[in-house]
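To start, the structure under review is shown below, and the notes come after it.
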Amino acid sequence: MSSPKTLRIGIVCPYGWDAPGGVQAHIRDLAEYLITQGHSVSVLTPAADEDSLPSYVVSAGKPIAIPYNGAVARVLFGPIAFARVRQWIFQGNFDLLHLHEPAIPSLSLLACWAAEGPMVGTFHAASKKQRATFAIGPILEPVIEKLSARIAVSEEARLTLTAHLDTDAIVIPNGIYGKRFTAGTAQDKWSGKTLGFIGRFEEPRKGLSILLEALPLVTGFIPDIRVLVAGPGDGEEFIEKVDPQLRNRVTFLGRLSEEEKIDFLSSVSLYVAPNTGGESFGIILAEAMASGACVVASDIPAFTAMLGEGKFGSIFPSGDSAALARMIINLLRDDERRAFLAAAGQNNAKRFDWDTVAKEIFSVYEMAMVGRDGVHLASETRSWSRLLNREGETG
Amino acid sequence: MKSALLVVLFVFLFLWYLNFSATRLDRLHHRVETSWANLDGLLQRRAAIALELARSELADPASSLLLTDAAYQAREAPIAMRSQAESGLSSALRHLRVDMEAVAKPAERSLLTELSELTGKIQVAIALHVDSVNSTRVVRQKLIFKIFRLAGRAPLPVTYEFEDDVL
């Protein structure tokens, strides 16, 4: 980055640090990237296990599991958490705060309420209109408008934000460490006529059942096809839905480590993402493209945007297993087309490299900081005397 | 006695709300000022680069004249006319850039790279400014802000027209 000045940056993570999730991974990568650039970074987050945190992470307490937006969210709020947030802001002496998901009832919202100064907010979630957010919109609005700049991780997330809170955002995608993914080595056990799938396959929206429904048709044309499913979950239960004769075609690998995942993506013939919805960004597609896998994905908005309407991977109508089967057969028979899509995808994935993404984020930081002198506690949370003084001037 | 207490409480809450709203509006005005200062700075830098390009060997007399004129108009325009003038400069630069890139020498090439980096930043800055102006205008429409004249004598922020000005 061009600016020689190093900054003190405070990042707030709304979800439990130990729980796996896209937001946490994004914050971890961003924080580590900024640290390698010479900035000093502190991440405030809920954490269940406070002993095994990286040195740049500060725990605000144990997360509370609450049902939110159709899933269980591990968040943190309440008077004690609020006091910790204020203390962290006061002691951190930050030049800038970067708040993730400030519209969710967790630490980021508290930090946005408590602080004043240059603040950047990143919105990750994409969802349909929610009545709850509408109801608290008027309360949220004055808080959210304190942000000097808003970032959305995808067009989907931006539209969600515009619909709920009547404000706009700049789209900057999530980042991946592209070099790590291009460095993957193909493993024999995963190569050949293989279809790869990564994700928590027990969730219906990940769409594994659609891929398995397509399997009988595919085996008719390509007998030596294999489906490799990676991700946490109970495979035994899932396999019972599959035709007994085809069960040996499906292998459940369990959860893969980061290195295994990279090798896995470099090995498979096709990476299949049959998700039926609920994806805001689809970082896994960026990772698959970066490792040089040819991608087949459903036509949900996040994926079509990611694959450039089909320029960087094949797209089938979401939920249509027959169309998926046809597409798999055609691609497995056409080596040239597959290699072409894989190369186009790998080239496209450079857009998501941290070198590019962090530069864009940093330029937003710079703009948010113009003419401001750092983050301090907001006046509302400071004292009553100030309130009475101001009344005289304005009322 | 009880009702008197309630009235006091209500008045107190109302005063708190007024103070809260005034702070909120003050903060929004501040945001508009900073986002404008940021955008203005970037646009000034762009005009300076345009002038430098106009004086370089790259530009033929006609494009040099066009650029110089557009850059000066952009610099001297009053705030309400600013977005129009800047659009003029954008389109002048857009016309010349492709040709210039084909014949640029290293020194001039760095100027062109700086220009294209600046263009990306300007787009972000415009988005930020438009957003802050819009939220301020929306808030100032609200009844409580009008009745109690919480905006004081601060002028209503001017919208910047070319949201989709692409180079």
Side-chain angles (χ1 to χ4, degrees), chain A residues 1-2 112-113 115-121 138-139 141-152 158 161-162 165-172 356 359-373 378-395, chain B residues 11-42 113-114 117-139 141-142 144-145 147-154 163:
Chain A
M1 269 168 255
S2 55
C112 195
W113 174 262
E116 196 151 5
M119 288 193 277
V120 176
I139 305 171
E141 207 180 71
V143 184
I144 297 299
E145 80 192 7
K146 284 167 82 176
L147 297 168
S148 340
R150 277 143 269 250
I151 299 173
R158 190 180 79 88
L161 181 66
T162 332
L165 289 165
D166 199 22
T167 173
D168 210 348
I170 303 148
V171 177
I172 299 180
T356 315
K359 210 172 175 180
E360 287 175 36
I361 292 179
F362 197 77
S363 116
V364 173
Y365 284 178
E366 284 176 328
M367 290 181 194
M369 289 187 310
V370 169
R372 305 275 200 96
D373 49 350
S379 54
E380 292 101 306
T381 59
R382 236 184 275 142
S383 68
W384 287 96
S385 61
R386 167 115 187 218
L387 179 147
L388 297 170
N389 282 340
R390 291 188 70 92
E391 265 326 302
E393 292 164 23
T394 47
Chain B
V11 168
F12 195 68
L13 273 178
F14 185 70
L15 284 178
W16 178 83
Y17 183 66
L18 270 188
N19 168 65
F20 172 78
S21 302
T23 319
R24 181 182 169 193
L25 190 60
D26 184 44
R27 195 181 288 127
L28 276 170
H29 280 140
H30 195 71
R31 216 178 104 199
V32 171
E33 268 167 39
T34 48
S35 65
W36 172 249
N38 175 38
L39 178 57
D40 184 46
L42 291 171
T113 352
E114 202 187 332
E117 273 177 18
L118 207 56
T119 307
K121 284 189 178 173
I122 288 174
Q123 277 169 8
V124 175
I126 290 175
L128 289 181
H129 183 61
V130 166
D131 193 43
S132 64
V133 168
N134 284 348
S135 14
T136 310
R137 288 175 81 108
V138 166
V139 164
Q141 287 302 310
K142 291 187 178 164
I144 182 156
F145 291 90
I147 294 175
F148 291 93
R149 297 179 40 89
L150 292 181
R153 275 184 290 275
E163 289 178 45

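In what follows, chains carry the letters A, B, and so on, assigned in the order in which the sequence lines appear, proteins first and then strands, with residues in each chain numbered from 1. It should be emphasised that the depicted structure is a prediction, and the values quoted were computed from it without experimental measurement.
- Neither the backbone nor the side chain of B:L39 has a heavy atom closer than 4.5 Å to any heavy atom of chain A.
- For the pair B:H30/A:E116, no side-chain contact is recorded, criterion being any heavy-atom separation below 4.5 Å from C-beta on.
- A donor-acceptor contact shorter than 3.5 Å links the side chain of B:R31 to the backbone of A:E145.
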> Would B:R24 and A:E141 count as a side-chain contact (heavy atoms from CB on, under 4.5 Å) if you check the C-alpha gap in whole Å, the side-chain angles of each, and the deciding distance to 0.1 Å?
Replying inline: CA-CA 10 Å; B:R24 181 182 169 193; A:E141 207 180 71; 3.1 Å; yes
> Checking salt bridge (Lys or Arg N to Asp or Glu O under 4.0 Å) for the pair B:K121/A:E360: CA distance, chi angles, key distance, verdict?
Replying inline: CA-CA 9 Å; B:K121 284 189 178 173; A:E360 287 175 36; over 6 Å; no
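- Only the backbone of A:L147 comes within less than 4.5 Å of a heavy atom of chain B; no side-chain atom from C-beta onward does.
- Under the 3.5 Å distance criterion, the side-chain polar atoms of B:N38 are left unmatched by any main-chain donor or acceptor of A:V370.
- Of the two parts of B:S132, neither the backbone nor the side chain holds a non-hydrogen atom closer than 4.5 Å to a non-hydrogen atom of chain A.
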>> For A:D168 and B:V130: C-alpha separation, side-chain torsions, deciding distance, then whether side-chain contact (heavy atoms from CB on, under 4.5 Å) applies.
In response: CA-CA 9 Å; A:D168 210 348; B:V130 166; over 6 Å; no
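- Contact check for B:L128 versus A:I170: side-chain heavy atoms found under the 4.5 Å cut-off.
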